[in-house]
Structures are given as C-alpha cells and as structure tokens.
Amino acid sequence: MPLNETQLSAIQSSVAYLLARGEPLVAELRRKFPEVTFVRCPQEDMEGQPYLAGDGYQLYLINRSAVCIAVTDSPDQADGVVIAS
C-alpha cells in the first residue's frame with residue numbers, strides 16, 4: 001500500500017515525539033501504523049537525501065516490492081520508512 005502525505009506527516013510527528021521522550025521508537029510506530037514497515041539505522045549507513053528530516057533524525061522511504069529493498073523518493077512507490085539517527 002503506497003504511503004500518502006497525511007501518513008508521512010503523522011509518522012514524522014510520531015518520530016519526533018517518541019525520540020524527544022526516549023520511548024521505544026520502532027515498536028510504537030509499528031503498533032500505530034501496522035501497514036507500514038519501519039527500520040531504524042545509524043545515519044552513517046544511509047546515502048543520498050532523506051525524504052523528510054527533523055531534529056536529530058532523517059526519514060527515507062523504501063519499497064519492498066522487489067527481491068531487495070530499495071530507497072525511493074516517491075511516496076506512491078513506498079511501503080516503508082527508514083529512520084536514520
């Protein structure tokens with residue numbers, strides 16, 4: 001299911017809120033957005049420009065439809081989010 005701007009805005013708000021409070025990030029995001037895949041990694045592991053960025057984190061969109069996961073800049077091709085911090 002492709003992501004839309006409303007979902008991405010809600011995800012970004014949730015990431016900022018959870019990081020600011022030091023709460024479990026990926027588990028809470030998976031609970032709140034069960035249709036979206038979430039992965040967390042160090043910023044050093046990511047290349048290119050993030051789709052969204054905030055204070056201390058960057059969000060990259062991913063597509064899992066092929067054999068390998070691919071980073072995309074198109075929400076209509078994305079079904080997951082990498083949180084790099």
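Owing to the predicted nature of the structure, the values given are computational and were not obtained by experimental measurement.
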inquiry  = Looking only at side-chain N and O atoms, does Q7 offer a donor or acceptor that is under 3.5 Å from a partner on E35?
reply    = yes

In terms of heavy-atom contacts, D73 and P75 come closest through O-CD, 3.6 Å

Worksheet item: With a 4.5 Å limit on heavy-atom distance, are the side chains of D79 and P2 in contact?
Response: no

With a 6.0 Å cut-off (strictly less than), is the heavy-atom count around CG of D55, excluding the residue itself, greater than 12? no

Hey, is CG on N4 packed in by over 12 heavy atoms from elsewhere, all under 6.0 Å? yes

* Pairwise side-chain contact, E47 with V71, heavy-atom cut-off 4.5 Å (strictly under) -> no

Nearest heavy-atom contact between P50 and Q58 is CB-CB, 3.6 Å

Open item on the list: Could you check whether any side-chain heavy atom of Q49 comes within less than 4.5 Å of a side-chain heavy atom of Y60, counting everything from C-beta outward?
Closed with: no

Notebook entry, point to check: Is the backbone N or O of G80 less than 3.5 Å from a side-chain atom of R64, with the two atoms forming a donor-acceptor pair by type?
Noted result: no

Counting only N and O atoms by type, is there a donor-acceptor contact under 3.5 Å from the side chain of S9 to the main-chain atoms of E5? no

Is there a path of hydrophobic side-chain contacts, each under 4.5 Å between heavy atoms of I, L, V, M, F, W or Y residues, that connects L18 with F33? yes

Residues at least two apart in sequence or cross-chain that pass salt bridge (charged side-chain N to carboxylate O under 4.0 Å, His left out) with R31, listed by chain then number, are E28

Is there a side chain to side chain contact (heavy atoms under 4.5 Å, CB included) between L8 and L61 once you walk through the steps? CA-CA 10 Å; L8 291 169; L61 303 181; 3.6 Å; yes

### Message
Just so I know, are the side chains of C41 and V82 near enough to count as touching, which here means a heavy-atom distance under 4.5 Å?
### Response
yes

Check your understanding: If we only count heavy atoms from C-beta on, is the L29 to S14 side-chain gap below 4.5 Å?
Key -> yes

Q) Are V26 and L59 joined in one hydrophobic group, where the rule is that I, L, V, M, F, W and Y side chains link up if heavy atoms are under 4.5 Å apart? A) yes

Would you say S85 and R40 make side-chain contact, with heavy atoms under 4.5 Å?
-> yes

- Query: With a 4.5 Å heavy-atom cut-off, do V36 and V81 have their side chains touching?
  - Reply: yes

So CD1 of I83 and CZ of F38: to nearest 0.5 Å the spacing works out to 6.0 Å

ask   = Can you get from Y57 to M46 by hopping between Ile, Leu, Val, Met, Phe, Trp and Tyr side chains that sit under 4.5 Å apart?
value = no

So CG of L25 and CG of L19: to nearest 0.5 Å the spacing works out to 5.0 Å

Would you check if I62 and T72 make a side-chain contact, meaning some heavy-atom pair closer than 4.5 Å? no

